[in-house]
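Being a predicted model, the structure only gives us computed values, none of them experimental.
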Amino acid sequence: MRTALIAAALCAFAPMTATAGPIDSACLKSNRSTSPIICDCIQRVANMTLTSSDQQLAAKLLRDPEKVQDIAYSNRASHREFWVRYTNFGAAAEQVCAN
């Protein structure tokens, strides 16, 4: 439900302008052939759903996908809390940016 609200807000209010940020940069540098438009969209979703420190960690995960498992299965409370926010961000980005 929260993801749908975020998606609706992004579609209604987010301007379609360049929003360079850590996730956008990591997305563009990733091995995946992702368009700049998609990377910009993902960054806009991150700006609405993640703190700046969350964005820094998420960008690290994009640059080094092997770290994903370390964070996802970590026993640290901060990692577990981040993982919830990160998966919510991912769901929102998929919903908004896949169109």
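Under the side chain to side chain contact (heavy atoms under 4.5 Å, CB included) criterion, L28 pairs with D24, P36, C39, sequence neighbours left out. Looking at residues two or more places apart in sequence or on another chain, you find no side chain to side chain contact (heavy atoms under 4.5 Å, CB included) involving S25. Residues meeting the side chain to side chain contact (heavy atoms under 4.5 Å, CB included) test with E81, sequence neighbours left out: A77, R85. Partners of S52 by side-chain hydrogen bond (donor to acceptor under 3.5 Å, both in side chains), not counting sequence neighbours: none found.
A distance of 12.5 Å separates NZ of K60 from CD1 of I23, quoted to the nearest 0.5 Å. With rounding to the nearest 0.5 Å, the separation of CD in Q55 from CG in L50 is 5.5 Å.
The closest side-chain heavy-atom distance from T49 to N88 is not below 4.5 Å. The closest side-chain heavy-atom distance from I42 to C97 is below 4.5 Å.
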Q) Between L62 and K29, is a side chain to side chain contact (heavy atoms under 4.5 Å, CB included) present by the stated rule, with each step listed? A) CA-CA 9 Å; L62 283 171; K29 293 175 185 172; over 6 Å; no
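Scanning all heavy atoms of the two residues, the minimum distance from V45 to A93 falls at CG1-N, 3.7 Å. Residues P22 and A59 come closest through the heavy atom pair O-CB, 3.4 Å.
Sorted pairs that involve residues 61-70 and meet side-chain hydrogen bond (donor to acceptor under 3.5 Å, both in side chains), not counting sequence neighbours, are lacking altogether. The ring pair (Phe, Tyr, Trp, His ring centres under 6.0 Å) contacts involving residues 52-82 comprise F82-Y86, where partners must be two or more places apart or lie in separate chains.
Without hydrogens or angle criteria, S74 side chain to I71 main chain gives no donor-acceptor distance under 3.5 Å.
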